[in-house]
Amino acid sequence: EQTAVLLDVQGLQVLYGKVEAVQSVAMQVRVGQIVTVIGPNGAGKSTMLNALAGALPPVGRQHGSVMLAGQDISILSVEQRVALGMSLVPEKRELFASMKVEDNLLLGSYRRYQAGERQYADQLSIVFDLFPRLKQRRTQLAGTLSGGERQMLALGRALMAKPALLMLDEPSLGLAPLIVKEIFHIIQRLQQTGVAILLVEQNARAALQVATYAYVLEGGLVTLEGAAAELAHDQRVIDTYLGLS
Ligand code: ATP
């Protein structure tokens, strides 16, 4: 039994000058699903996520349609997309190092606060329940956190906007294996809270384990897609993405 389509991407193309970084990608995420995008370096994964979030660098040009819960968001700003329920945790995490953990989190709810919502304390306690370590370190400066804690803070900040769809760009990048395990565990817990997740990962093995559906992006094109459990047994995927890890 399938839930409704939350994110519907059709004919997404991204050009950097004459370079076609993403070529006519079609992709769907259903309500409450974890969908993963795997592929080699330079395949266009980050470019695709940034385009979906409305956060391409100024040189980038984007074509195609991006629908969120039935609404065309293709030409909306980052802020408008966040307000409609889409949050991106970028690869570089982009925290404010000289601000406290708690203040970094509150920035994530800034738009809702502006829109007149004052109950960010509820959302903050939800985030602290998910990340007890952030609670312990709430008054510590973000710049003094470990790599894993920074990733948790980046996730927590995105959650403060109460997203329906969370887009994660390589959340395991640069983290020790134990921390990677913890991050993937948290991703599963997030799904249980009802958030849909679009997960871009180099760690194909872990990504295919948590995801329902998967896309392989190579050279800006979707070259393979299917149920994650099936892709994990596909010989091409095993040879290219699971062989050595
Ligand atoms: P990685 O995992 O290394 O980040 P990726 O799959 O996320 O790889 P992208 O970073 O999206 O790939 O890059 C896709 C293509 O677009 C690459 O050929 C890259 O060189 C190019 N590209 C990315 N950003 C820009 C930019 N700002 N200007 C020009 N070309 C870019």
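The shown structure was predicted, so the numbers you read here are calculated from the model rather than taken from an experiment. Because only heavy atoms are used, hydrogens play no part in the values below, and waters and symmetry mates are left out as well, while side chains stay in. Counting starts at 1 for both ligands and their atoms, following the listed order.
Scanning all protein heavy atoms for the shortest distance to atom 8 (O) of ligand 1 gives Gly42 N, 2.7 Å. Nearest non-hydrogen protein atom to atom 11 (O) of ligand 1 is Thr47 OG1, 2.5 Å. Remark: minimum distance from atom 23 (C) of ligand 1 to any protein heavy atom is reached at Tyr16 CE1, 3.4 Å. Closest to atom 3 (O) of ligand 1, if we only count protein heavy atoms, is Asn41 OD1, 3.1 Å.
Between Val59 and ligand 1, no N or O atom pair is found at a separation short of 3.5 Å.
Under a 3.5 Å cut-off, the side chain of Arg81 and the backbone N or O of Ile73 do form a donor-acceptor pair. Using a distance-only test at 3.5 Å, with no hydrogens or angles considered, no donor-acceptor pair links the side chain of Gln62 to the main chain of Leu52. With hydrogens and angles disregarded, a donor-acceptor distance shorter than 3.5 Å links the side chain of Arg150 to the backbone of Gly143. Side-chain atoms of Arg30 come within 3.5 Å of backbone N or O of Thr3 as a donor-acceptor pair. Judged by distance alone, with hydrogens and angles left aside, the side-chain atoms of Glu149 form a donor-acceptor pair with the main-chain N or O of Ser146 at under 3.5 Å.
Per-residue contacts place Pro57 under 4.0 angstrom from the following atoms of ligand 1 (heavy atoms of the residue considered): 27 (N). Heavy-atom proximity to Gln202, at under 4.0 Å, picks out these atoms of ligand 1: 2 (O). Under a 4.0 Å criterion applied to the non-hydrogen atoms of Glu91, ligand 1 contributes the atoms 4 (O). Residue Glu170 approaches ligand 1 through these ligand atoms, each under 4.0 Å from one of its heavy atoms: 2 (O).
Remark: His63 NE2 is packed, more than 12 non-hydrogen atoms of other residues, nucleotides or ligands lying under 6.0 Å away. The number of heavy atoms from other shown groups lying within 6.0 Å of CD (Glu230) does not exceed 12.
The existence of a salt bridge linking Glu218 and Arg236 is excluded, since no basic side-chain nitrogen approaches an acidic carboxylate oxygen closer than 4.0 Å.
Here the closest heavy-atom approach between residue Gly148 and residue Ile183 is recorded as O-CD1, 4.3 Å.
Between the choices Gly17, Pro40, Gly219, Ala21, the shortest heavy-atom distance to atom 16 (O) of ligand 1 belongs to Ala21. When the heavy-atom distances from atom 10 (O) of ligand 1 to Ala43, Gly39, Ser46, Gly44 are ranked, the shortest goes to Ser46.
Distance screen at 4.0 Å: atom 19 (C) of ligand 1 has no protein heavy-atom neighbour inside the cut-off. Put simply, atom 27 (N) of ligand 1 has protein non-hydrogen atoms near it, under 4.0 Å away.
Not a single heavy atom of Met48 lies less than 4.0 angstrom from ligand 1.
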